[in-house]
Number of protein chains: 2
Amino acid sequence: MAVTIRDVARVSGVHVSTVSRAFTAAHLVNPETRARVLAAAEELGYRPNRAARALSTRRTGNLGLIVADIANPFFPPLLKAAQAQARARDYHVFIADTDEQSRVEEELVRSMAKQVDGAVLVAPRLTNTAITALAEELPLVVVNRRPPGVPGVLMDVGSGARKAMEHLLALGHREIALLSGPGRAWTSGEIERAANRVADDHGVLIQRIGPNPPTEEGGRAAAEEVAASGATAVLAHNDLVAFGLIRRSAELGLSVPGDLSVVGVDDSHLARYTAPALTTVHMPVAEAGRGAVDLLLQSVTSGGSAGTVSLETALVVRDSTAPPPGNTSAAPPPVTGDDAAG
Amino acid sequence: MAVTIRDVARVSGVHVSTVSRAFTAAHLVNPETRARVLAAAEELGYRPNRAARALSTRRTGNLGLIVADIANPFFPPLLKAAQAQARARDYHVFIADTDEQSRVEEELVRSMAKQVDGAVLVAPRLTNTAITALAEELPLVVVNRRPPGVPGVLMDVGSGARKAMEHLLALGHREIALLSGPGRAWTSGEIERAANRVADDHGVLIQRIGPNPPTEEGGRAAAEEVAASGATAVLAHNDLVAFGLIRRSAELGLSVPGDLSVVGVDDSHLARYTAPALTTVHMPVAEAGRGAVDLLLQSVTSGGSAGTVSLETALVVRDSTAPPPGNTSAAPPPVTGDDAAG
DNA sequence: TTGAAAGCGCTAACAT
DNA sequence: ATGTTAGCGCTTTCAA
């Protein structure tokens, strides 16, 4: 068996409770005793058993991270940052992939509950009500979601979408389609709302195509409808959908950005590498990951549940957007101001 | 406090041990009693506390997954598959990112040890000796590494590299460079060995450039040396390095595949989307992830440590490879057989 | 400053 | 088939 606190106690000639104190309440033990205990621990290679500790302290030192799809390139940088932040605070992290299924999400949180001090739900697919209910059972922080009473980190995708729309309008587009994501995704609503607002201000009407699965396949499947719609520009739910659309459109004989301008959302790793490089809304995922963990640890430590943090997004203009076919009147500044033009 | 086994016992009018048995040894309890217990548990929303259970069973129901860099697109699909497989077996998974640092890797495994039944080290950067030593402390399975006595899953990148070399040679390349990865990575050695063997067989000499960090930056940084080397084709350590090389080469005025053919390794998500689409060695990462978990669970369950599983790789020819400049004698079959030609 | 003892939630002999 | 008891590794009163 592994070496336990008892072994350390025996070797250092003190009682187990003293060993315990040497590790968790240094000031309660004589420096010399403590040194002796630590030396013995070192020598034996003793490591406190966190699970056993958790049993009496009710603090596991673990966090849960729940995401819809690890393989979606949006998530890994967020996971990496969150994991790093947790580790820096000496927390271990459980990770779980829900495969985009809200039931799995709920079940996962519940089954994890006893083993973690709290969990981060990244872009959850659950309803707000379900999330709020879960938050009763254990400290929760959500990313890109706004259930009442639950602290969270939001990446302000709405302002990014607004900038994207203004960019497209400035390029001269008037027929713009929105390739929307799953209804359960918070970003879907945010993007749609923001896009419609800008469109209204400019007296332009947006066609909404969707909902679509937030995957390449989702984008591919929508390509024909986009082509038939007569749109000259598309704002896609995310980069993956944008890629799917671009590739399928090419097969249908439409070139991007020549025939069709496409804007993604996420600014995932891929966006820089594709042909054409993707104009997209940059999401500060690493900050969000760190922020979510900070928020969670804060609410775990100080009991009180913190508020909501909102993070800026930005439009990154690359090569997938251009003036509409047969239009040469591109306005120079790609990212315009806030003024509306009726 | 959360509901415990005691609450269930009280409500269902039996002793705690009966409740325990109802959950873990159904056949030892009267069906009717069991039904009553289960009903009470259901009603109370009881969930066994896995950490407490672990204390007496010495089985945590948790697994560890240690990777060098979550954000490297090679890993997420593997993590996803491994996580899914674990969940299917009712195991929870801890994930940890080592940031490519072998010391962190070791520390992480140790700090996790008490909380997991075993761990999967994916493409570890530790030395074989260190890994073998760690395997004494807890069941370990490695992916893409072959430390003596430790079970593992290997993706046979050597055969993929061989096919890549044959592909380049068939295209007419004679000046081939190898952009090697970090020395600590198992794949580095495998690729180099396989590439050299093929080169020898064809009386061609390979230039080895590196080691390089396994990142886009690593590829970028090597681009000038590649250009100076006179190579007409490059076999890169992985897709990321290949991308970096391609992009930096473009800045240097070299086009791919016109001036330079580039082959990657991994067949990550990105490879299909880049311009040009990347010719690369496909790695069966999902299978590897599942296989590693299976192997680990097997060695956890049945004590015995299983052997090593080797998975096939394949060359995926896309658009980043072509005949060398000024050579039109491209051989048609992109993937050639095993014959050597002196 | 240290030791003794109880208990965290659960399982596992051992009785009955 | 079920209850009793001890104990997993650790923390935390309570005494001394």
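We use all heavy atoms of the structure for the numbers below, so side chains are in, but hydrogens, waters and symmetry mates are not. Reminder, nothing fancy here: chain letters follow the sequence lines and each chain counts from 1.
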Strictly below 4.0 Å: does [X] bring a side-chain N or O up to OP1 or OP2 of [N]?
{"X": "A:S56", "N": "C:dG7", "answer": "no"}
{"X": "A:R6", "N": "D:dC8", "answer": "yes"}
{"X": "A:R53", "N": "D:dG9", "answer": "no"}

Query raised in the report: Using a heavy-atom distance cut-off of less than 4.0 Å, which residues of residues 22-46 of chain A contact DNA chain D?
Result: A:T24, A:Y46
Using a heavy-atom cut-off of under 4.0 Å over every strand shown, decide if [X] touches base, sugar-phosphate, or nothing.
{"X": "A:V14", "answer": "sugar-phosphate"}
{"X": "A:S20", "answer": "base"}
{"X": "A:R47", "answer": "sugar-phosphate"}

Whole Å only: how far is the [atom1] atom of [X] from the [atom2] atom of [N]?
{"X": "A:R59", "N": "D:dC10", "atom1": "CZ", "atom2": "C1'", "value": "16 Å"}
{"X": "A:K114", "N": "C:dC8", "atom1": "NZ", "atom2": "P", "value": "15 Å"}
{"X": "A:N49", "N": "D:dC10", "atom1": "CG", "atom2": "C1'", "value": "8 Å"}
{"X": "B:R58", "N": "D:dG7", "atom1": "CZ", "atom2": "C1'", "value": "10 Å"}
{"X": "A:Q115", "N": "C:dC8", "atom1": "CD", "atom2": "C1'", "value": "15 Å"}
{"X": "A:L55", "N": "C:dA6", "atom1": "CG", "atom2": "P", "value": "18 Å"}

Between [X] and [Y], what is the shortest heavy-atom contact and its length?
{"X": "B:R87", "Y": "A:V104", "result": "NH2-CG1, 3.6 Å"}
{"X": "B:V285", "Y": "B:P77", "result": "CG2-CB, 3.8 Å"}
{"X": "A:R47", "Y": "B:R110", "result": "NH2-CB, 3.6 Å"}
{"X": "A:G118", "Y": "A:L296", "result": "C-CD2, 3.6 Å"}
{"X": "A:A68", "Y": "A:T98", "result": "CA-OG1, 3.3 Å"}

Query - Donor-acceptor under 3.5 Å (A:R10 side chain, A:I5 main chain) - result: no
Query - salt bridge (Lys or Arg N to Asp or Glu O under 4.0 Å) involving B:R103 - partner list, sequence neighbours excluded - result: none
Query raised in the report: From the list C:dA4, D:dG9, C:dC10, which nucleotide is the closest neighbour of the side chain of A:H15?
Result: C:dA4
Requested in this report: Any pair with a residue in residues 30-42 of chain A that passes salt bridge (Lys or Arg N to Asp or Glu O under 4.0 Å), sequence neighbours left out, goes on the list, sorted by first then second residue, please.
Outcome: none
Report task. Output every pair passing salt bridge (Lys or Arg N to Asp or Glu O under 4.0 Å) with a member in residues 89-99 of chain A, not counting sequence neighbours, ordered by first then second residue. Result -> A:R50-A:D90, A:R89-A:D294, A:D97-B:K80, A:D99-B:K80
Extract from the structure each pairing of a protein N or O with an N or O of nucleotides 13-16 of chain C at less than 3.5 Å, listing the distance.
none

Query raised in the report: Roughly how far, to the nearest 0.5 Å, is CG of A:L108 from CZ of A:F94?
Result: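 So the CZ of A:F94 and the CG of A:L108 are separated by 11.0 Å.
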Requested in this report: Check the side chains of B:D117 and B:T60 for a donor-acceptor pair under 3.5 angstrom, ignoring hydrogens and angles.
Outcome: yes
Query raised in the report: Any luck finding a side-chain donor-acceptor pair between A:N128 and A:R146 under 3.5 Å?
Result: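 Result is no, nothing qualifies.
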Report task. Specify the angle, to 10°, made by the local axes at the two ends of the helix from C:dT1-D:dA16 to C:dT16-D:dA1 when five pairs are taken at each end. Result ->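 Inter-axis angle at the termini of the helix from C:dT1-D:dA16 to C:dT16-D:dA1: 40°.
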Query raised in the report: Quick one: on DNA chain D, does A:T18 or A:A52 contact a more 5' nucleotide (nearest heavy atom)?
Result: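 Nearest-nucleotide comparison on DNA chain D picks A:A52.
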